[in-house]
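A quick write-up on the structure given underneath.
No experiment lies behind these values; they were computed from the predicted model shown.
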Amino acid sequence: MSSDVSSDKTPASPRVTYEDLAYDSFVRRRQGADTFHPSSRSDAFVFEPGDSKLIREADSFFLGTVTGAGWPYVQHRGGPAGFVHVLGPSTLAWVELEGNNQFVSTGNVDRDGRVALFFVDYQTRTRVKVFGYARVIEGEDDPELMRTVRDLGDREIRSKGQRVMVVEVTAADRNCTKYIHSRWTKAQMDEVISLYRADIAELKATNEELRARIAELEGRS
């Protein structure tokens, strides 16, 4: 099977916007809007460059699915930075790494492909919220796709995983940065600390040179 990841679950044009999916009459009422006016668009969804960059660089996100009982279910997804691939202007994919073997998210997707994804860049305090339709592809059914999502360019994901989650994105949105606290990874902190250490070493060397020069001048007096 080829790695054609187009999905017949993708809504036909005209497409709906993020507001259409997130803002019903109850939400509009809370917002202070008197009426709800759908804002359907005829153009196909395409990621904004900044949003796709944030997703490509993410090392984690939260995945929301719908259970058979109709309840929302949220799971964390993590991996090396770049494990979520932007395969096209509106398609995301990643290898489903082995976890606790409950298979709640994948089972939910098998029944109801509607998903919500929540990405956060804690350095820039930026978040991107995504609505889409997901499907699960077994690695043995599409080895080429599995190789693609394992390939990070300079390295490969070698952790166990037998299937790929593909999401055809319907809408996305980023909004305010309030209450997102800046966080840094150990690697990022190590890099900053190494720069400070280099500066300190340089200052120490300069200090020793100055001390030697002063001692030399005092010896001549």
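- Among all heavy-atom pairs drawn from Glu140 and Pro143, the shortest one is O-CD, 3.9 Å.
- Counting heavy atoms from C-beta on, the side chains of Leu92 and Leu87 never come closer than 4.5 Å.
- Proximity of Val169 to Thr91: side-chain heavy atoms (C-beta onward) are nowhere separated by under 4.5 Å.
- Distance check, rounded to the nearest 0.5 Å: CG of Leu195 to CD1 of Ile200 gives 11.0 Å.
- Distance check: Glu48 CD to Lys53 NZ gives 14.5 Å after rounding to the nearest 0.5 Å.
- At most 12 heavy atoms of other shown residues, nucleotides or ligands fall within 6.0 angstrom of atom CD in Glu202.
- Between the side chains of Thr124 and Asp121, at least one donor-acceptor pair of N or O atoms lies under 3.5 Å.
- The environment of Arg114 atom CZ is sparse: at most 12 non-hydrogen atoms of other residues, nucleotides or ligands sit within 6.0 angstrom.
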Quiz prompt | Derivation and outcome, salt bridge (Lys or Arg N to Asp or Glu O under 4.0 Å), residues Glu144 and Arg147 | solution = CA-CA 5 Å; Glu144 181 181 347; Arg147 285 192 294 270; 5.3 Å; no

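- Across every non-hydrogen atom of Val109 and Ala134, the tightest pair is CG1-O, 3.4 Å.
- For the atom pair Gln123 CD and Arg125 CZ, the distance stands at 13.0 Å (nearest 0.5 Å).
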Practice problem: Evaluate the side-chain contact (heavy atoms from CB on, under 4.5 Å) criterion for residues Phe62 and Phe119: first the C-alpha distance (whole Å), next the side-chain angles of each, then the deciding distance (0.1 Å), finally the verdict. | Solution: CA-CA 7 Å; Phe62 295 94; Phe119 294 87; over 6 Å; no

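- Proximity of a side-chain donor or acceptor of His85 to a complementary backbone N or O of Ala93 within less than 3.5 Å is not detected.
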Practice problem: Using the side-chain contact (heavy atoms from CB on, under 4.5 Å) rule, take Val115 and Val167 through it: C-alpha gap first, then chi angles, then the decisive distance, then the call. | Solution: CA-CA 8 Å; Val115 294; Val167 177; 4.0 Å; yes

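- A donor and an acceptor atom, one from each side chain of Gln75 and Ser105, are nowhere located under 3.5 Å apart.
- If you take CD1 on Ile214 and CZ on Arg211, they are separated by 7.5 Å, rounding to the nearest 0.5 Å.
- At a threshold of 4.5 Å between non-hydrogen side-chain atoms, the residues Ile137 and Val166 count as touching.
- Arg213 contributes atom CZ, which lies 11.5 Å from atom CD of Glu218 (distance to the nearest 0.5 angstrom).
- Considering every non-hydrogen atom in both Val95 and Gly161, the closest pair reads CG2-CA, 4.2 Å.
- Residues Val66 and Val74 fall into different hydrophobic clusters, defined by Ile, Leu, Val, Met, Phe, Trp and Tyr side chains chained together at heavy-atom separations under 4.5 Å.
- Around the CD atom of Glu57, the shell of radius 6.0 Å holds more than 12 heavy atoms that belong to other residues, nucleotides or ligands.
- Residues Asp173 and Thr17 have side chains not in contact (no heavy-atom distance under 4.5 Å, counting atoms from C-beta outward).
- The nearest pair of heavy atoms linking Phe131 to Ala22 is CE1-CB, 4.1 Å.
- For the pair Glu98/Gln162, a side-chain contact is recorded, criterion being any heavy-atom separation below 4.5 Å from C-beta on.
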Quiz item: side-chain contact (heavy atoms from CB on, under 4.5 Å) between Asp110 and Val136: does it pass, once the steps are laid out?
Solution: CA-CA 7 Å; Asp110 287 340; Val136 180; 4.1 Å; yes

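- No more than 12 heavy atoms of other residues, nucleotides or ligands sit less than 6.0 Å from atom CD of Glu191.
- Rounded to the nearest 0.5 Å, atoms OG (Ser60) and OH (Tyr122) are 6.5 Å apart.
- Considering only heavy atoms from C-beta on, Pro80 stays 4.5 Å or farther from Asp59 through its side chain.
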Self-check item: Worked check of salt bridge (Lys or Arg N to Asp or Glu O under 4.0 Å) between Glu96 and Arg77
Solution: CA-CA 8 Å; Glu96 281 282 287; Arg77 287 291 185 271; 2.8 Å; yes

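- No hydrogens or angles considered: nothing links the side chains of Asp151 and Thr148 as a donor-acceptor pair under 3.5 Å.
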Exercise. Might you work through the side-chain contact (heavy atoms from CB on, under 4.5 Å) test for Met165 and Thr106, ending with a clear yes or no?
Key: CA-CA 8 Å; Met165 185 85 76; Thr106 49; 4.1 Å; yes

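- Two residues are said to be in side-chain contact when any heavy atoms from C-beta on lie closer than 4.5 Å; Leu117 and Val128 fail this criterion.
- Between Glu138 and Arg163 there is a salt bridge, since at least one side-chain N of the basic residue sits less than 4.0 Å from a carboxylate O of the acidic one.
- Trp94 and Phe61 have perpendicular rings, their planes meeting at more than 60° on a 0 to 90° scale where under 30° would count as parallel.
- Cluster membership for Val86 and Val84, using ILVMFWY side-chain heavy atoms within less than 4.5 angstrom, is shared.
- Side chains of Val16 and Thr170 form a contact here, defined as non-hydrogen atoms less than 4.5 Å apart.
- Summarising the local packing, CZ of Arg158 is surrounded by 12 or fewer heavy atoms from other residues, nucleotides or ligands at distances under 6.0 Å.
- Panel note: side chain Asp112, backbone Asn108; no donor-acceptor pair is recorded below 3.5 Å.
- Less than 6.0 angstrom separates the ring centroid of Phe47 from the ring centroid of Phe45.
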